[in-house]
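From a predicted model like this one, the values you see are computed outputs, not experimental measurements.
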Amino acid sequence: MKPLHERIAKHVSGLPRSGIRDFFELVVGRDDVISLGVGEPDFPAPWHIREAAIYSLEKGQTSYTSNLGLLSLRQEIADYVRKLFGVDYDPATEVLVTVGVSEALDLVFRSLLDPGDEVVYHEPCYVSYSPSIVLAHGVAVPVSTRVEDNFVLRAEDVEAAITARTRILLLNFPTNPTGAVEPLEELEKIAALAVEHDLIVVSDEIYCELLYGGPDGMEPGEHVSIASLPGMRERTVLLHGFSKAFAMTGFRLGYACAPPELTEAMMKIHQYSMLCAPIMSQQAAVEALRNGTPEVERMRRAYAQRRNLMLKRFADMGLPCFAPGGAFYMFPDIRRYGLTSKEFAMRLLERENVAVVPGNAFGPAGEGCVRACYATAYDKIEIAMDRMARFVKDLETGG
Amino acid sequence: MDALLELLQEDARLTTAQMAERLGRPEAEVSEMVGKLERKGAILGYHAVVDPERVGQRHVSALIEVKLTPERDGGFDRLAQRISRFDQVRTCWLMSGGYDLVVLVEGEDLREVARFVSEKLSSLDGVLSTATHFQLKVYKQSGFIAGETHEDERLAVTP
């Protein structure tokens with residue numbers, strides 16, 4: 001019999017292991033670790049949302065829903081998106097409820113890519129982007145953003161990456177892992193490029209409620225979706241979900257908003273692979289959109305305080321880090337210590353029991369940085385910062 | 001001011017320095033703000049919220065509905081304030097509905113509370129009637145769910 005490992009499809013066996021996975025295995029099993037390595041809120045989903053899921057089960061709602069998702073949820077989504085993004089979508093034909101934004105991404109790529117088609121996206125980025133493209137037989141074309149430039153995606157860099165095979169431009173602002181928010185003038189230039197080269201823009205805006213505006217970052221910032229720019233709605237697939245702002249990661253619920261032809265194509269794949277998102281999650285999401293926004297703001301303010309704490313402590317310990325405009329991540333620059341991201345993260349873990357994620361887990365452009373997540377209790381961050389300060393001081397004195 | 005109150009209501013143990021850091025304000029300013037709130041009585045006090053069951057406290061709590069005769073000058077205020085001054089009274093509110101005051105009382109045992117009601121409360125001029133309900137179990141106290149500890153159950157490293 002042919003060995004089993006040789007039976008794995010080439011485009012799957014060729015996928016690299018996730019750097020996150022490697023690091024995760026180092027962290028588990030250690031005691032007293034303060035982890036800044038997570039990518040999800042430390043708050044549980046607000047109780048009224050959890051209660052809505054329970055109520056849905058109590059009422060015996062355990063069936064399939066429409067492939068697109070419950071109409072009541074799609075209506076709420078359309079209203080929410082209109083309020084938040086200023087873009088109108090028809091809940092009947094332009095909204096698809098998915099199992100997280102991750103599924104939506106997979107659907108977009110499988111719907112739009114023929115083998116060899118290229119997707120341009122910016123690095124450092126969420127770990128699934130490149131694999132999702134490759135699994136859809138596309139070609140991943142990363143564009144680097146730079147720490148010196150506060151990880152702004154430059155239109156000229158995007159333009160240089162566009163070829164005759166480019167079909168999709170994938171954006172993620174605010175960005176995981178850097179927390180970067182794209183300046184409007186640059187976003188406008190990128191939109192113009194998409195029109196000029198006739199590209200579909202896939203915009204993952206999962207962190208868009210978590211913005212830190214005002215002089216001290218405590219005010220809610222203003223989010224501009226590329227879908228709201230002139231001429232963009234018709235060529236944009238807007239991806240959003242409930243995981244981050246509503247602290248509902250485990251509910252696994254996201255959505256795609258796009259013109260009917262694109263929604264229909266995504267729905268075709270979704271109906272055969274997933275059928276529909278879980279009904280109790282969908283009922284919880286209806287409650288989240290109807291009554292959850294005050295809780296979102298409460299959590300955002302808590303993140304804002306922690307962000308300020310990390311900014312101040314990093315500055316105090318001499319660790320260069322730009323002030324990210326969104327999400328719940330810091331991406332400090334560790335190059336001055338002469339270590340790779342992985343070496344820095346491993347030594348920090350071994351010596352001080354603080355877990356951060358090596359920047360190169362998010363693509364080669366993340367090398368030289370580490371990701372520290374501030375979705376962790378304030379007092380834990382205080383301890384982690386004390387430990388990190390001691391650690392970098394030791395590094396500086398040659399320890 | 002609101003952000004400061006929010007912090008204090010969540011955790012009054014924070015030092016002025018810690019609050020200053022969280023609010024991004026100078027320590028002296030935060031100290032001044034807290035002082036102001038205390039002086040004008042906006043902050044009535046600070047205390048730990050204790051689950052009596054977990055510390056083995058045997059004392060009892062009761063909720064007492066009280067009906068009063070309002071006075072010509074001042075309505076219920078004078079009597080309500082008088083009742084509030086008893087050490088046994090932890091909380092006292094004027095209510096709408098079928099009775100006038102709700103009085104939360106704590107005592108060493110059932111007898112002490114009963115004595116307080118019959119000797120101190122009912123005997124006051126103006127108190128028309130009382131109905132005493134003893135507490136059996138605490139599920140939530142001042143915003144905290146009893147018996148709930150907070151463990152971080154997230155995976156240590158996630159994308």
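Inter-residue side-chain proximity for B:Q18 and A:E382 is flagged as met; some heavy-atom pair is nearer than 4.5 Å.
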### Message
Let's go through B:V157 and A:V357 carefully: what are the C-alpha distance in whole Å and the side-chain angles of both, what is the deciding distance for side chain to side chain contact (heavy atoms under 4.5 Å, CB included) to 0.1 Å, and is it a yes or a no?
### Response
CA-CA 8 Å; B:V157 183; A:V357 183; 3.9 Å; yes
### Task
Quick one: do A:L309 and B:E21 satisfy side chain to side chain contact (heavy atoms under 4.5 Å, CB included)? Show the steps, please.
CA-CA 7 Å; A:L309 169 68; B:E21 189 173 43; 3.4 Å; yes
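Around atom OH of B:Y139, no more than 12 heavy atoms belonging to other residues, nucleotides or ligands sit under 6.0 Å away. Within 6.0 Å of atom CZ in A:R17, more than 12 heavy atoms from other residues, nucleotides or ligands are found, so the atom counts as buried in its surroundings. More than 12 heavy atoms of other residues, nucleotides or ligands sit less than 6.0 Å from atom CZ of A:R30. Other residues, nucleotides and ligands contribute over 12 non-hydrogen atoms within 6.0 Å of the CD atom of A:E51. Shown here is B:D125, whose CG atom has no more than 12 heavy atoms of other residues, nucleotides or ligands within 6.0 Å. In B:R25, the CZ atom is not crowded: 12 or fewer heavy atoms of neighbouring residues, nucleotides or ligands sit closer than 6.0 Å.
Ranked by heavy-atom pairs under 4.5 Å with chain B, the first of A:D42, A:V27, A:V28, A:D216 is A:D42. Contact tally against chain B (heavy-atom pairs below 4.5 Å) for A:F362, A:Y126, A:Y378: the top residue is A:Y378. The choice from A:V33, A:L36, A:V38, A:I20 that makes the most heavy-atom pairs within less than 4.5 Å of chain B is A:V38. In terms of heavy-atom pairs under 4.5 Å with chain B, the best-connected choice from A:K380, A:R371, A:R306 is A:R371.
For a residue to count as touching a neighbouring chain, one of its non-hydrogen atoms must lie under 4.5 Å from one of that chain's; by this rule A:R307 does not touch chain B. For A:P41, the part sitting under 4.5 Å from any heavy atom of chain B is the backbone (N, CA, C, O) and nothing else. Using a 4.5 Å cut-off between heavy atoms, A:A302 makes no contact with chain B at all. Neither the backbone nor the side chain of A:T249 comes within contact range of chain B, judged by heavy atoms closer than 4.5 Å. Heavy-atom distances place the side chain of A:R301, and not its backbone, under 4.5 Å from chain B.
For A:E40 and B:R154, the salt-bridge test fails: no basic side-chain N is under 4.0 Å from an acidic carboxylate O. Between B:E6 and A:R298, no side-chain nitrogen of the basic residue sits less than 4.0 Å from a carboxylate oxygen of the acidic one, so the salt-bridge criterion is not met.
In plain terms, the two heavy atoms of B:P159 and A:V127 that are nearest each other are CB-CG2, 3.4 Å.
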